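As structure tokens, the structure follows; a few thoughts come after it.
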Amino acid sequence: MRTGKNSKKWLERIVLSCLVVVGIIFGGWLFFATNFMHPFIHYLDLRGGIIYYKEPTNIIASNVLGFDEVRGKIYYITTNGIYYIKSHLMKSE
């Protein structure tokens with residue numbers, strides 16, 4: 001009976017360790033995944049949140065509070081409202 005309890009404890013520890021590692025990897029991925037699918041559109045959070053094209057001087061939007069990319073469109077929330085960009089056309093609408 002004693003060996004069954006020991007193996008159950010070790011199995012629980014291994015499963016818990018795996019869950020912690022997966023949680024750390026997933027959390028890191030969420031934290032560092034701020035780039036868009038379009039390789040030239042970037043987000044910079046140092047100056048109040050800006051979305052820019054290629055260079056930080058080509059600002060698409062400033063005062064960005066949040067953003068998401070869905071089906072080729074980048075939706076972003078600013079202090080003035082909600083907007084989107086068709087990332088394959090590079091035009092703000």
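Here the structure is a predicted model, which means the values were calculated and not measured.
- In this structure, Tyr76 and Val64 approach most closely via the heavy-atom pair CB-CG1, 4.2 Å.
- The nearest pair of heavy atoms linking Thr78 to Ala61 is CG2-CB, 4.5 Å.
- When the side chains of ILVMFWY residues are joined at heavy-atom separations under 4.5 Å, either directly or via intervening members, Ile50 and Ile77 end up in two distinct hydrophobic clusters.
- More than 12 non-hydrogen atoms from other residues, nucleotides or ligands lie less than 6.0 angstrom from CD of Glu12.
- Rounded to the nearest 0.5 Å, atoms CG (Asn80) and OG (Ser62) are 8.0 Å apart.
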